[in-house]
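The structure under discussion appears below in the form of structure tokens.
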Amino acid sequence: MRVTQTSDLWWKSAIIYCLDIETYLDTNGDGVGDLGGLARRIDYLAELGVNCLWLMPFYPSPDRDDGYDVMDFYGVDQRLGNHGEFVEVVRTAHDRGIRVIIDLIVNHTSDQHPWFKESRKSRDNPYRDFYVWRATEPPDTSEQVVFPDQEDSIWTKDDRTGEWYLHHFYSHQPDLNVANPAVRDEILRTIGFWLELGVDGFRVDAVPFFTHDIETESGDTVPANPHELLKEVRSFLGRRKGGTMLLGEVNLPHDQQYEYFGKDAGDELTMMFDFIGMQATYLSLARGEAAPLVNALLARPEVHPTCQWANFLRNHDELTLDKLTDEERQEVFDAFGPDPAMQVFGRGLKRRLPTMLGGDPRRIRMAYSLMFSLPGTPTIYYGEEIGMGEDLEAEGRMAVRTPMQWSAGPNGGFSTAPSRKLIQRPVPDGYGPPHVNAADQRHDRDSLWTFMRTLIGARRRCAELGWGEFSVIEQPNPAVLAHRCDLDGSSVIAVHNFAAEPAVVTLELDGDPEAELEISDLLERDGLTPAEGRLELALEGYGYKWLRVRREGELAVP
């Protein structure tokens, strides 16, 4: 598998870093992060080793849902900058070898979007069919709402026209009718616009909530089936700019996720977040046992060679645990968020990883080593590289959307504005900027930041983890996960101990005991010597190892 064959499928081995511009760095002192601030931090990301930057919404918005309520798909929120500054960010990122993807939010708009304002003027307005309406009173749909603490139905009556409009999320976010050809044209036009400004792909928000047109008078709820649109978008991307990707948010069982990849054809989403693997990881961490994660990994369907899974431990939303059973979810709650103030929507946690693991550096590093070593593409959320915590007093998901902590100074170096003007206050207490910040950690050889840079560098050298054939190496110790990824005569083996007690692990490296093997420790850069095709490792509590194994004299996968 040569780099010349795989460079246009860069997402198979990328390191994705997600950030929100408004909480990253403020350069004009108004308390809100901006594109100018992001441009100044591109070199920081390059130094860390990131090669794909995912930008959360930066479009004009009333900001009732942290920017996901979009008023203009072609615009830039004036608080954050303008199109010229956006292009500067993209150009600078590309110059440092970093690709840029942006949020594509085509499930809904803000109720302040010009399209929706027009659609409310009359039942025969030309924009009426841009949204989904029904003339009859809807049945009880309280079980279908995404935010049960805010909404009790996915339909809201518009007093002006006397009909109900669909919104799977908040009532101020009406769902678009993507079955309308005019809406599809606008979606493709939006994609084409941002491609011309240099973006390399899109993270597609709330994929399963795309809807087909229906006869709303029937009283039936709207079925979600976005596959036709996704195929159209994927084809459009291929025509307009080869080498672009679609990363989908699809929190569904594996068999349904497989459909969103386009099944065997692989012609819909390019990548998908592995929500099931993420939730199983936390269950394994809570139990100190590898089995839940092993089962989730083995249950993953094999996807098309051009497609990929995205692995993550944290994102910008609540840490959803909705795919666990009630009993399993309670185990994770008990271990990592026993206080109701740490929980949200009855299904997730509003905490970051370091606080959930009690600040134990052994467990934190083991968890990230595990995530980066899994088959797929690792994705991290800003601040994870320095071990930021959360602000539990912030409402819901905003608890983990706090300003980036650059230094120990005022406002964590995020802004020179008075604290009362900040978009959100920095994390308080023991995880606040005086204790956790990038400036201190970048110059500390033993810091989490330095460890994360080491992990990222190792992952970027391991094409096996993005392209190889995955298998689990059976172990008698239930606390140990040993897995390998094989590609073109080279193997990467990763071993992780979920328990606080030390463990001894024996690895069968090759079926031929006479084989001359070269083994290198990818994190320590040391050589190891097997005996008769076997290697014995001593792992500390929460210990881990990454090994590359190949026949003597063979070149490693580039």
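Start at 1 with the first residue, then count along the sequence. Here the structure is a predicted model, which means the values were calculated and not measured.
- When only modelled atom types and interatomic distance are considered, Glu540 and Asn497 share no side-chain donor-acceptor pair under 3.5 Å.
- For the pair Arg41 and Trp406, the cation-pi test (distance below 6.0 Å, angle within 45°) is passed.
- Under a cutoff of 6.0 Å and an axis angle of 45°, Arg362 and Tyr542 do not form a cation-pi pair.
- In this structure, Leu539 and Val495 have side chains that are in contact, with non-hydrogen atoms separated by less than 4.5 Å.
- Under the 4.0 Å criterion applied to side-chain N and carboxylate O atoms, Glu249 and Arg203 are assigned as salt-bridge partners.
- Note: His316 and Tyr68 have parallel aromatic rings, judged against thresholds of 30 and 60 degrees for the angle between ring planes.
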Evaluate the ring pair (Phe, Tyr, Trp, His ring centres under 6.0 Å) criterion for residues His167 and Phe169: first the C-alpha distance (whole Å), next the side-chain angles of each, then the deciding distance (0.1 Å), finally the verdict.
CA-CA 5 Å; His167 58 88; Phe169 293 86; 9.5 Å; no
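- Evaluation of the side-chain contact (heavy atoms from CB on, under 4.5 Å) rule for Glu331 yields Leu283, Arg287, Glu328 as partners, not counting sequence neighbours.
- Aromatic ring pairs are classed by plane angle as parallel below 30°, tilted from 30° to 60° and perpendicular above 60°; the pair Tyr170 and His172 is parallel.
- Centroid-to-centroid, the aromatic rings of Trp309 and Phe261 come within less than 6.0 Å.
- Within the cation-pi definition used here (under 6.0 Å to the ring centroid, within 45° of the axis), Arg314 does not qualify as a partner of Tyr282.
- Asp63 and Ser61 share no side-chain donor-acceptor pair at under 3.5 Å.
- With hydrogens and angles left out, the side-chain atoms of Tyr17 and Thr379 include no donor and acceptor closer than 3.5 Å.
- For the atom pair CG of Leu535 and CD1 of Ile493, the computed distance is 8.0 Å after rounding to the nearest 0.5 Å.
- Side chains of Ser142 and Asp152: a donor-acceptor N/O pair is absent below 3.5 angstrom, by distance only.
- Aromatic rings of Phe345 and Phe147 (six-membered ring for Trp) have centroids within the 6.0 Å cut-off, being under it.
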